[in-house]
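Structure provided below as structure tokens; questions to follow.
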Amino acid sequence: MDSRSGQSRLRLTPEGLVGGPAALALCEAGGALALAGGPLAFTHARLTGVDAPDHEPFSVSDLRRWIAREAGMGDDGPATLVEAVSEPRRDFAGLTLAGAGVRPRLMGICNVTPDSFSDGGDHADPSAAIGFAMTLAEAGAEIIDVGGESTRPGAAPVSVEAEIDRVVPVVAALAANGLTVSIDTRRAPVMRAAVAAGAAIINDVSALSDDPDSLRVAVELGVPVILMHMQGTPATMQDDPQYADVVAEVYDALAARMSACLDAGIPRGRIAIDPGFGFGKTVDHNVALLAGLARFHGLGCAVAIGVSRKSFIGALTGVEDPKHRLTGSIAAALAAANRGAQILRVHDVAETRCALDIWQAAIDLAE
Ligand code: 7PJ
């Protein structure tokens with residue numbers, strides 16, 4: 001099995017993350033390895049899994065020695081895993097994701113729904129949604145994520161036709177204005193209609209598994225995909241989510257979806273993964289995923305996250321109204337940036353961009 005598709009039993013969590021000139025100097029001196037091609041690098045790694053040696057955490061020099069010792073293991077060995085964590089990510093829908101001076105890309109949320117959990121009904125008609133999305137782009141969103149179906153528990157079902165009618169005029173107008181649009185849908189006919197209207201990315205909260213046609217259609221459409229993890233279905237996913245080890249299980253589930261995509265013909269460079277905050281997860285599960293986010297770079301592709309205004313932010317901060325969860329959402333976005341996430345899906349684009357401006361300035365100046 002190819003450990004880069006995550007099927008190996010080895011897991012590596014980068015630790016000792018540094019950025020900016022310090023990262024470059026440490027990489028040059030051999031004391032750090034680039035994380036997904038930078039801008040961050042890691043000086044240590046925690047290894048888990050049955051094949052992992054028992055002394056940890058490893059320094060990068062320890063890792064090199066171990067790689068040399070296990071050189072015969074082929075794709076199941078540490079060399080392949082370390083390369084997956086470290087090698088530069090490809091451009092995603094024309095966006096550079098790796099290298100010195102690069103920072104996480106902002107994906108602004110534009111729900112064309114009457115009932116999404118934090119902005120339902122705010123811009124349910126196409127012209128309001130188009131105007132809103134244009135303001136997101138001006139504020140710094142490099143991707144606009146257009147969705148026509150609420151996945152919140154208890155949301156009213158929407159027909160495929162209604163979903164297409166909601167999203168297509170918005171996608172078409174935004175694409176005609178030169179914006180990079182992702183279509184947030186689980187349905188193959190919506191993917192097809194949205195890409196025909198100019199969408200450049202498919203963002204599927206079921207990781208191309210809900211609709212039996214979706215994987216085939218995504219291959220045929222040839223656009224990049226975001227594979228998000230969900231336990232259960234939107235209607236019941238929050239009833240009693242269970243994991244023995246949430247980071248390992250979400251990683252394995254995403255690795256399996258990634259293998260399915262690779263086998264079907266979607267190249268790794270056209271895939272991003274997303275642990276799916278709030279989708280069949282308790283507060284503790286979400287926190288563990290945020291803390292352990294760096295491990296997902298072992299899948300060898302871009303990491304996207306959506307934490308904006310979610311209920312675990314409300315639970316951790318005591319802020320009940322989703323629209324008032326900005327501060328917690330920004331802190332969570334920065335925590336993800338500090339772990340090398342390349343795409344941040346957010347409601348509050350202008351505010352998150354300001355936070356990233358400071359994050360980047362602090363990193364680039366760090367000695
Ligand atoms: C996510 C999403 C997420 C990705 C939604 C909400 C619920 N797509 N679509 N990641 N969440 N990739 O906006 O809170 O976390 S819908």
Side-chain angles (χ1 to χ4, degrees), residues 92-93 104-113 115-123 129 132 136 141 143-155 158 163 166-167 180-187 190-191 194 199-210 214 218 223-231 233-235 237-238 250 253-254 257-258 271-281 285-286 289-290 293 296 299 301-315 321-323 325-326 328-329 332-333 335-336 341-349 352:
F92 193 77
R105 304 294 180 170
L106 289 178
M107 174 191 251
I109 301 169
C110 180
N111 284 319
V112 198
T113 54
D115 58 351
S116 285
F117 86 103
S118 86
D119 57 356
D122 286 1
H123 20 79
F132 176 71
L136 293 181
I143 302 168
I144 303 292
D145 192 38
V146 175
E149 181 208 24
S150 171
T151 44
R152 121 183 135 171
V158 54
E163 193 181 337
R166 282 179 185 175
V167 297
T180 301
V181 178
S182 60
I183 178 68
D184 187 346
T185 187
R186 295 182 283 160
R187 289 156 158 176
V190 182
M191 295 170 190
I201 300 168
I202 293 169
N203 174 28
D204 184 348
V205 298
S206 79
L208 300 174
S209 73
D210 257 18
S214 58
V223 296
V225 296
I226 300 176
L227 306 175
M228 200 201 78
H229 176 269
M230 163 164 48
Q231 186 183 81
T233 62
M237 64 191 180
Q238 289 307 103
V250 171
L254 286 170
R257 292 311 301 155
M258 178 143 211
I271 299 172
I273 58 84
D274 182 331
F277 289 88
F279 284 80
K281 280 109 187 166
H285 295 145
N286 287 306
L289 286 168
L290 189 56
L293 194 66
F296 289 90
L299 293 169
C301 69
V303 174
I305 63 118
V307 289
S308 185
R309 300 186 187 176
K310 286 194 174 167
S311 64
F312 82 99
I313 306 262
D321 182 350
K323 284 192 169 158
R325 292 179 187 155
L326 171 64
S329 299
Q342 290 97 349
I343 299 172
L344 310 178
R345 180 183 181 275
V346 303
H347 296 88
D348 303 289
V349 172
T352 313

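Just follow the structure's listing: the first ligand is 1, and inside any ligand the first atom is 1.
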Which atoms of ligand 1 are found less than 4.0 Å from any heavy atom of Val205?
->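 Those atoms are 2 (C), 8 (N), 9 (N).
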Are side-chain heavy atoms of Thr180 and Ile144 found at a separation under 4.5 Å?
->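 Side-chain contact under 4.5 Å: no.
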Return yes or no for this condition: an N or O of Lys310 is under 3.5 Å from an N or O of ligand 1.
->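 The answer is yes, given that Lys310 and ligand 1 share an N or O pair closer than 3.5 Å.
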Under 3.5 Å, N or O to N or O, is Gly276 touching ligand 1 that way?
->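 For ligand 1, there is no N or O atom that lies under 3.5 Å from one belonging to Gly276.
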What do you reckon, does His347 have a nitrogen or oxygen under 3.5 Å from a nitrogen or oxygen of ligand 1?
->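 No: no nitrogen or oxygen of His347 is under 3.5 Å from one in ligand 1.
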Quickly, which of Val225, Val250, Leu254 forms a side chain to side chain contact (heavy atoms under 4.5 Å, CB included) with Ile273? Name it, please.
->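 Of the listed options, the one satisfying the test is Leu254.
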Side-chain donor-acceptor contact under 3.5 Å, Thr185 with Glu163 |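 There is such a pair (donor and acceptor under 3.5 Å, judged by atom type) between the side chains of Thr185 and Glu163.
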Any atoms of ligand 1 less than 4.0 Å from a non-hydrogen atom of Asn203? List them with their elements.
->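 Every atom of ligand 1 under 4.0 Å from some heavy atom of Asn203: 4 (C), 8 (N), 12 (N).
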With atom 6 (C) of ligand 1 as the reference point, say which of Arg309, His229, Arg345 has the nearest heavy atom.
->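 Nearest option to atom 6 (C) of ligand 1, by heavy atoms: Arg345.
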Taking C-beta and beyond as the side chain, do Ile343 and Val303 meet within less than 4.5 Å on heavy atoms?
->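 Result no, sub-4.5 Å side-chain heavy-atom pair not found.
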Is any N or O atom of Asn111, backbone or side chain, closer than 3.5 Å to an N or O atom of ligand 1?
->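 No.
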With sequence neighbours excluded, tell me which residues meet salt bridge (charged side-chain N to carboxylate O under 4.0 Å, His left out) with Asp204.
->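 Asp204 satisfies salt bridge (charged side-chain N to carboxylate O under 4.0 Å, His left out) with no other residue.
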With a 3.5 Å cut-off and no angle check, do the side chains of His229 and Lys281 form a donor-acceptor pair?
->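 There is such a pair (donor and acceptor under 3.5 Å, judged by atom type) between the side chains of His229 and Lys281.
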With a 4.5 Å heavy-atom cut-off, do Leu293 and Pro275 have their side chains touching?
->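 Leu293 vs Pro275: side chains touch.
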Geometric N/O contact Ser308 with ligand 1, under 3.5 angstrom |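 No, there is no polar N/O contact under 3.5 Å.
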Mind checking whether Arg152 contacts ligand 1 via backbone (N, CA, C, O), side chain (CB onward), both or neither, at a 4.0 Å heavy-atom cut-off?
->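 Answer for Arg152: neither.
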Just jot down the ligand 1 atoms closer than 4.0 angstrom to any heavy atom of Thr151, in number order.
->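 The list of qualifying atoms is 16 (S).
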